[in-house]
Amino acid sequence: MKTLVTGARGTIGRAVVDRLHTAGHTVRAASASPAELTVPAGVEVAELALDRPETFAAALRDVHQVFLYPQPAGIHELVTAAEAAGVEHVVLLSSSSVLGPDAANDPLASHSLRVEQALAASALTCTFLRPDAFASNALGWARPIGRSMPVQLAYPDAHIAPIHPEDIADIAVAALTGRALTGKSLTLTGAESLSFREQLAVLSDVLGRDIPVEHITRAEAEQQLGQHMPAPMVSSLLDLWEAADRHGPATVADTTETLLGRPARPFRQWARENAGAFTPAH
């Protein structure tokens, strides 16, 4: 059984490729830029750009299942090509945001929701993985921490249950190699609820230096975030954090403990593994 892994240059895609290959499964790693892929010896490489349907047929040839990154552009053509190629199962890396109110009109949620809807309407067996906040989102603080500046937050006490990307990869591989998760829609979190302030305290402890937290207004946060993302997305993100600030500790959903019987990797582990990203050199 051959598995196509899209987005194989990404952190989770690469981890899925490596795990499947190590376990002896036949893997084809796909990317819009296949020449830039680094894969283990014996792993096939293919070009697949989710917004260029002309790349679909060759990438899907002889494939039985797909690990898919969400990209609404071209999704209907991809579904048609997958059905024609005889694909049996798709494991989608979606987002917990699809469960939010008015998700269809939310700029963060609609991206994944449109892909889910297209897959759900198809003849394919689908497993939806809906991770909540990634532990690696903390890399957004690398610049001020590396420069010994305060981390400015509009909602420093907003709680999330950050999940380690390696846990997502473990669950994805389990969905691709067994039947226990097939056809399910799973909301994934880490095992602990932490506010942004508490995450920064963990980073401070791991790095062995103080990380000041500065509370700023929503308007100031909109201005800062607006330098890197469109205004509607900024508004959606801040709405999410504002709600998390009001609601207190985050709900812990499915984890590697509940799904795979092994402990979820804590945020502290992610912080130790990525401490170098917060040094002055970065």
Side-chain angles (χ1 to χ4, degrees), residues 1-31 37 39-40 42-44 48 60 62-71 78 82 86-99 112 115-116 119-120 122-137 160-192 250-267 269-270 273:
M1 179 178 289
K2 183 175 292 185
T3 301
L4 176 72
V5 177
T6 73
R9 291 174 61 207
T11 300
I12 295 172
R14 287 200 312 270
V16 170
V17 168
D18 290 346
R19 283 161 166 74
L20 290 173
H21 178 69
T22 299
H25 298 281
T26 306
V27 188
R28 179 179 291 157
S31 169
L37 283 173
V39 298
V43 172
E44 294 181 28
L48 190 150
L60 289 165
D62 301 322
V63 165
H64 295 85
Q65 56 182 358
V66 176
F67 177 71
L68 182 64
Y69 271 66
Q71 171 56 265
L78 181 67
V87 171
E88 299 169 0
H89 183 208
V90 175
V91 175
L92 173 69
L93 181 63
S94 185
S95 165
S96 66
S97 63
V98 301
L99 302 173
S112 295
V115 177
E116 283 200 13
L119 289 170
S122 75
L124 303 166
T125 298
C126 301
T127 301
F128 297 152
L129 305 183
R130 296 167 172 165
D132 204 29
F134 286 30
S136 50
N137 289 350
I160 61 173
I163 183 169
H164 197 301
E166 295 288 336
D167 282 353
I168 301 173
D170 283 345
I171 293 166
V173 169
L176 291 163
T177 58
R179 295 189 175 276
L181 307 182
T182 301
K184 294 186 176 181
S185 298
L186 302 166
T187 302
L188 309 178
T189 70
E192 56 186 341
T251 300
V252 172
D254 293 308
T255 68
T256 54
E257 181 72 48
T258 60
L259 296 174
L260 309 180
R262 52 184 183 263
R265 295 169 175 86
F267 180 76
Q269 177 177 337
W270 180 89
E273 293 166 351

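The figures that follow rest on heavy atoms only: side chains count, while hydrogens, waters and symmetry mates do not. Remember, it's a predicted structure, so these values are computed and weren't measured experimentally.
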Backbone of [Y] reached by a side-chain donor or acceptor of [X] within 3.5 Å:
| X | Y | result |
| --- | --- | --- |
| Arg14 | Ala8 | no |
| Gln65 | Leu176 | yes |
| Thr258 | Asp254 | no |
| Glu192 | Phe267 | yes |
| Thr125 | His89 | no |
| Thr6 | Tyr69 | yes |
| Ser31 | Gly7 | no |

Which heavy atom of [X] sits nearest a heavy atom of [Y], and at what distance?
| X | Y | answer |
| --- | --- | --- |
| Val17 | Ala29 | CG2-CB, 4.1 Å |
| Gly13 | Phe67 | CA-CE2, 4.4 Å |
| Ala264 | Ala191 | CB-CB, 3.9 Å |
| Val87 | Val90 | CG1-CG2, 4.3 Å |
| Ala175 | Thr182 | O-OG1, 4.4 Å |
| Val98 | Ser112 | CG1-CB, 3.8 Å |

So how far is it from [X] [atom1] to [Y] [atom2], rounded to the nearest 0.5 Å?
| X | Y | atom1 | atom2 | answer |
| --- | --- | --- | --- | --- |
| Gln269 | Glu166 | CD | CD | 8.5 Å |
| Ile163 | Asp132 | CD1 | CG | 9.0 Å |
| Ile171 | Leu186 | CD1 | CG | 7.5 Å |
| Asp167 | Thr189 | CG | OG1 | 9.5 Å |
| Thr187 | Phe128 | OG1 | CZ | 12.0 Å |
| Ile168 | Thr256 | CD1 | OG1 | 11.0 Å |

Quiz item: Do Leu4 and Leu48 touch side chain to side chain, with heavy atoms closer than 4.5 Å?
Solution: yes
Quiz item: Leu60 and Leu78: side chain to side chain contact (heavy atoms under 4.5 Å, CB included), yes or no, with the steps?
Solution: CA-CA 9 Å; Leu60 289 165; Leu78 181 67; 4.1 Å; yes
Exercise. Could you please spell out the steps behind the side chain to side chain contact (heavy atoms under 4.5 Å, CB included) verdict for Arg262 and Asp170?
Key: CA-CA 10 Å; Arg262 52 184 183 263; Asp170 283 345; 3.5 Å; yes
Quiz item: Under 4.0 Å between a Lys/Arg side-chain N and an Asp/Glu carboxylate O for Arg130 and Glu116?
Solution: yes
Self-check item: Candidate pair Val115 and Leu68, rule side chain to side chain contact (heavy atoms under 4.5 Å, CB included), full reasoning
Solution: CA-CA 10 Å; Val115 177; Leu68 182 64; 4.3 Å; yes
Practice problem: Applying side chain to side chain donor-acceptor pair (under 3.5 Å), name anything that partners Ser95, two or more places apart in sequence or on another chain. | Solution: Ser97
Quiz item: Do Leu259 and Leu188 pass the side chain to side chain contact (heavy atoms under 4.5 Å, CB included) test, and can you show the C-alpha distance, the side-chain angles, and the key distance before you say yes or no?
Solution: CA-CA 10 Å; Leu259 296 174; Leu188 309 178; 3.8 Å; yes
